[in-house]
Structures are given as structure tokens and as C-alpha cells.
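Let me begin by presenting the structure, written as C-alpha cells, before commenting on it.
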Amino acid sequence: MVANQDAKAAQAPVIETDNTAAVKAAIVSSEATKAAPVTHPLGPLTGEEISKGADLVRSVWPEGTKLQFKVNTLHEPEKKILAPWLAAERAGEKPAPLERKSFIVYTLRGTHNVHEAVVNLTTQKVEFNAKLGPFEHPNSDMAELEEVEKAVLEIPEVKAEIEKLGLPEGAVVVMDPWIYGADGIKEAKFFDDKRVMQCNLYLRDPKNSSEEDSCHYSFPLPVSPVIDPATLELVRIDIMPTGHDETIKPFTWQDRPANEYIPEAHTMRTDLKPLQVVQPEGASFTVEPFSELGRTLKWQKWDFKVGFNQREGMVLYDVHYDNRPLFYRLSLSDMAIPYGDPRNPFHRKCAFDLGDVGAGLTANNLQLGCDCLGSIYYISSVLGNAEGKPVDAPNVVCIHEQDSGLLWKHTNYRTNRAVVVRNRELVLQSILTVSNYEYILAFIFNQAGDITYEVRATGILSTQPLDLDLTEVPHPFGTVVHPGVLGGYHQHFFSLRVDPMIGGHGNQIAYEEAEAMPRDPKLNPNGHGYMVKKTVIDTTGGYDLDPSKNRTFKILNPSVKNTVNKLPVGYKVHVPPFQPILADKDSYHYKRAEFADRSFYVTKYVDGELFAGGKYTNQSHGGKGVRSWAERKEDLTKEQDPVLWVNFGINHIPRVEDFPVMPMEMLKVMLRPVNFFDKNPALDVPSSKQSFNCSTALNTADELAKKVDGLAVTGGEMKGCCKA
């Protein structure tokens, strides 16, 4: 039956490889698009479009065929069609509507037959439908994770293994389904061309087992079933080592303390007073819909579109400052978290949280006064579920302003006049919960033309069981964070995809290095001189930072010159250095995490190449991501349409203080103008005034009137800065 179904599906037309259809779409008349609602080409799929796409895919299969939808998202138009369309829209024209398309990944329920399809929602036709090959596995979905969690704990063999542990009476076992990873090993009936899940078992606090929010990561168990998520059949049961090597030993439960993060488990501080963000006249930004779910933001000369999808979550399009083009598309492209424990089954542990699940699927419903402070605007979205039906995703992005200290200041010591400008920022924030971990992700804009991408990692360590008598003995593969609990060493890698149009399309990537000059009796007799050397990247490849040379990467437009110095306008990239992936080059961790070895990759733009780890990361074997694209060594000098992949991360060596919940660890990437403006672009930001900011002095009047070394300490004597 499956073979016949596959044969019928293969009869669906294959998408055209030339550009004929796309060109026709760009000039199609409004009369020709009446079959579907007219909307913006970058608008996230509406609920109606999600349902329609799923129905059209079902129509190519025999009636009654059960499908499970994994991805149902916008298929963006080709850049060579969309870029001029957006330019025309910005110029005030009304370009002809482009065809709306969806990209859909689905499986035949109960099987490992995976298909991807492109559906034309305008013509209501399936343009492309193909079965994926081996080692191309879809992401998990929420329904599947729930099914696996319920099924595993009912499997008799799993129950029998749990029984051997001698757990306390009334104990409640909790299961976290994990992506299996990859090791290329074939054993008996198993090979990792078949999608499976590794299930980690934990225990709620046995002394408070009715508390559903108990931190079960304080009680990891050594039993780890491997299950087929398509059939819910048990593949095998792995038993974890609990010592310092690979030896598997009998495990018998011994009593140990709980370690809870919920507030009712602690005596709260009582000396913290309210800190409220108040904007009596409201926010300074405006939000307008450009489609049913897409939003256009305008703030302090910034102007851009915000979309949202299942995999990347928040995506920014058509970013301009003061009506000058900067970025065509910005998004967090990928994330990888390889673990360093070499023992089975930990050696496979490597999560790609965006590709394996999705930033959109795991996005929190953000709460007023908790996740975001101040005057907040929320963006909600709609995503497709496993049945191909739309599901509301409320409050997945919060938008607000914040004060971030000073933007610039100067005091003329001769006149004692200080001019002070505070740094107001616009924040677009989304928060993901991926099982145990949380990621707080934000695009932050300021008034001087800077864009910062900020990642804050928090949540709970993915813990491993440890023999209680080893609690006070240093462990080779992790940190003991609680009696019987090991926090394994692991790395976090992120890849920010930057598709630039600095000053317009036709950009190039370059880096500059500061080099010491040789001594010269005339030009450099004291040996203090240094100069800056510029290197234009003319071929795709991977590149690294070099702090010893102050190597700085820039995006330049050679066709647009600065009005002052006639240098190409540009933006530079500030990114923190990181330790590259420690897994060796023959390992699956290295092969799969193609963005974890270099600070930058530069590729030539290709439609559809959006994800640094490749389109399908689940149990992938590598070779289909950004490193592979960069190794094509394509010429960047002709079309001048590069994509810059900015990679960064941390090596997380856990601390006791990271448990039972981790204080956030923060990373920032900054995109900053360089010779783009003719002067400081924030000169027109109003100076900071007490009458505007209404701050309160906590000193007494007498304290403020005192003098130190004959100098008055009161700021009231300063000219300009804080005078009303």
C-alpha cells in the first residue's frame, strides 16, 4: 500500500527549474489572483493558507491516507523577483501581487516515508512533491513528543527496567524525549537512517511526588529507552554509565535531597522594592500590519518588516535606516549543542534546536510584567500542527523600548558644560523553551544605527545520573552540581544569517587588520606606528577572528561612497570569539555542526540556503550546510551578492550555581555603521534632561550641598545636562 501511495504522489508536478513561472508571477494581473486572497509576499502563512496547503497535499494521495505534517510554512519568493518588488513598494508604487506558496514537510503516519512539497496557494496546485532520501529526517512536532512521552512509560520492557531500580513507593517517573543524534553505527535491525528518539528518564522528588513542577533533573535515572516515534515501538534500552568510565553497573536507588527552583520551595527576599518602567506618553514606535500576521515597525528612523515562522521564529526583512537600505533579511539561522561525554549513549548527544524542533514551535507566550517590562506591543502568529490545522501562537514576540545607559557624552572642562544623550533602544524579543533549556533571543536597535543580536541562555542543565559516592570526586566529563547529579560539559553554537544590502544591493565582504610598521629612521623612528590593511573576500569560504591583528569583518558597498572620505559605505561586525567545536573532524558532531568551527562563513546567495546546519538536521550526517556551500569556492566578484554567516557560542562548563536553574549567560553580536553616515547619526537625539527623565535623588539636601576637596558635588551647577 505504501509503495502504491508513493507512486501516486510522485505524479505531482515537479517545480520548474527555470525562472519562467517566477517572471510571470511578478507581472500577473490582479484579476488572475482572485482564486486566493491577495496578501504581501512576505506575510507569514495565515490560518486559512495553512489549512489550504495541507488539503492540497492530501489531494495527491488516495483518500483516507493519513499524513502527519511536520512543516507548513511560507515559501518565500526568489530574491531576483522579490527584491525589485520590495523596492517598488517602498517607492510608493503598487507592484502586482506575487504568487503565495507554502513549503510543507510531512510523513505518512506510522511510516518513515518523508516527503517535502511546494504548494502554490494562488493557483491551488502542488508544484513539487518528492520523497526524501536516507538521512533526511524531519523535525519533531509537539503532538509526536507528547505521544512518545506517554508511550514509553507504558512499554513492558521499560517498566521492567524501572522496577529493577528499587524506586520509593509512589515514585513518579518523568521522561524527556531527546533527538537521537548520529554515530553511523549499525546494530542488528538498527541503523540511524531510521529516525528514532533517545528518552531520558528522571524522577520527581519522591517526598513530594504530586508536585508537577518538581525539578526532576535533580533525580536522573540510568535507564534510557530508544523508541521509534513513527510506530511508537521500542528499539532498545540503553543503560547509562554512572561512574567515571564506560562501565555499566547495577543501580539501586538511594535517598538524596531535592533541589527545587519554584519560589514556594524557598524563603523569598523581602527587601526588594518595585522598579517600574513608565512611559506616560506611550511608546515612541509605531506598528502597522503589512499582511494579516506580518508587521512593519518604525522607530527613530528605523523601518523594517517582522515575520515569524516555525523554524527560525522571528525574521526581519527589508531593514532601512532613514530610508537607506541596510539588510534584505536577518534571522537566527541555526543552533547546535554538542556534548563532550564520549561514553554511550552520551556520545550521540547533539541538539539542533531550530532544525530538530523549531524556534517558532517552542516560542513562549510572553507575559506582561514578567518577560517584558514597560509599554509592550505583542506580535502573535499562527503555526500548523501535525494534522495540518492552524494553531494560534499568541504573544511570541514582544516589542518595547528600554534605557541602556549613555549613548554619548562630552564635558567642556573650560565651561563646565556637559552634553549628555541617553541610549534609548528598541527591543524585539522572543523566548524559546526547548525541553530543559530556555533561550532569550532579541534584536536590539539604537539611535546611532547599531543593530545588536542578543542571546541569553538560561533554563536547566540536561543532567546525567552519577553514583552517590562519587559526588565529592572530580568527574572527567562534567561538573557534579548536586548529590548524584552530573552536569555534562557541552558547547552552544549559534549562527546569525546576514543577507545584506548596505546602501543597496551589490555588496562585498572584507576584513581589515592592524599591522605594526617596521622601524624606519624617518617615518617610524620610535617604533610606534601601525597601519590598517584591507582584504576583500573574493571567494566563498570560512574565516576566523584574530584578536592579535584586530581583524574586523565589514560589509561594504563599493558602488556607494561616503560623502566625507569617499570610502565605501559599510557596516562592521562585532562578534565575540569562541572556542571552535572540540569534536574532531572525522566525528559526526563536527560533520553535522557545519557552522561550529569558524567565526564567519561567506557564501554566494542561493535561494533556499537559509539554514547553516542544512535543511534537515535531525540525525543528519553533514555535507548539506554552510561549510559545504562555502567550500564550493564560488567567485564573489561578479554578482556581488554575498551572505555572511556570523557564528558565535560558549563552552558551558557547568557550575554548582547553574543548578537547579541557570542564571542567564549572555552573548551579543553587533552590526555597526562604518563610514555609512557623514557624522554621528545620533547628534539629533535630544539631550538628557531631568524635566524629561524625572529621576529622584536619594541623597539628603545636606549631602547634595557638601563639597569634596573644595568642589561642589551637586549636578545642578553643571550647564545644560540636567537643568530643566
Side-chain angles (χ1 to χ4, degrees), residues 312 326-336 354 443 450-455 491-502 507-514 532-558 568 570-582 585 590 592-606 609-614 622 624-637 639-651 667-674:
E312 298 162 289
L326 294 178
F327 299 99
Y328 178 74
R329 194 182 193 275
L330 293 171
S331 70
L332 181 65
S333 162
D334 229 322
M335 186 189 307
L354 272 62
F443 283 102
D450 298 338
I451 302 176
T452 298
Y453 189 75
E454 180 183 276
V455 175
Q491 295 176 277
H492 294 254
F493 298 105
F494 306 88
S495 183
L496 182 69
R497 183 179 182 274
V498 179
D499 189 348
M501 54 176 186
I502 305 297
N507 288 182
Q508 62 181 200
I509 310 298
Y511 60 86
E512 292 181 346
E513 296 174 323
V532 174
K533 175 185 175 182
K534 172 182 166 183
T535 302
V536 175
I537 296 174
D538 55 13
T539 305
T540 62
Y543 300 87
D544 293 314
L545 295 173
D546 187 345
S548 70
K549 297 180 180 179
N550 192 47
R551 185 178 293 163
T552 303
F553 287 77
K554 297 183 177 182
I555 308 166
L556 305 173
N557 190 326
Y571 260 65
K572 62 179 179 178
V573 183
H574 288 177
V575 59
F578 69 95
Q579 184 177 27
I581 187 168
L582 289 168
K585 292 187 177 182
Y590 180 89
R592 301 176 68 214
E594 296 201 25
F595 51 94
D597 58 335
R598 311 297 291 265
S599 290
F600 295 92
Y601 273 104
V602 182
T603 63
K604 183 178 179 180
Y605 178 88
V606 175
E609 289 187 350
L610 296 173
F611 312 121
K624 298 182 179 180
V626 68
R627 185 193 301 131
S628 301
W629 304 333
E631 287 174 353
R632 293 190 296 238
K633 296 300 178 183
E634 294 175 289
D635 181 27
L636 293 171
T637 61
E639 296 181 16
Q640 292 186 326
D641 193 9
V643 176
L644 184 64
W645 309 77
V646 184
N647 309 314
F648 55 104
I650 55 174
N651 190 340
L667 295 167
K668 291 186 178 185
V669 174
M670 178 180 283
L671 305 172
R672 166 161 272 201
V674 55

With [X] via side-chain contact (heavy atoms from CB on, under 4.5 Å) - residues at least two apart:
| X | answer |
| --- | --- |
| R598 | D544, Y601 |
| E609 | V606, W629, R632 |
| N651 | Q491, Q579, L582, I653 |
| E631 | R627 |

Inter- and intrachain pairs under salt bridge (charged side-chain N to carboxylate O under 4.0 Å, His left out), touching residues 639-649, at least two apart: K79-D641, K604-E639
Taking side chain to side chain donor-acceptor pair (under 3.5 Å) as the test, write out the residues that go with [X], two or more places apart.
| X | answer |
| --- | --- |
| S599 | none |
| Y543 | none |
| S333 | none |
| T539 | none |

Taking only residues two or more places apart in sequence, or in another chain, which ones meet [X] in a salt bridge (Lys or Arg N to Asp or Glu O under 4.0 Å)?
| X | result |
| --- | --- |
| K668 | E454 |
| K624 | E136 |
| D546 | R551 |

Option passing side-chain hydrogen bond (donor to acceptor under 3.5 Å, both in side chains) with E512 (candidates K554, K549, K534): K554
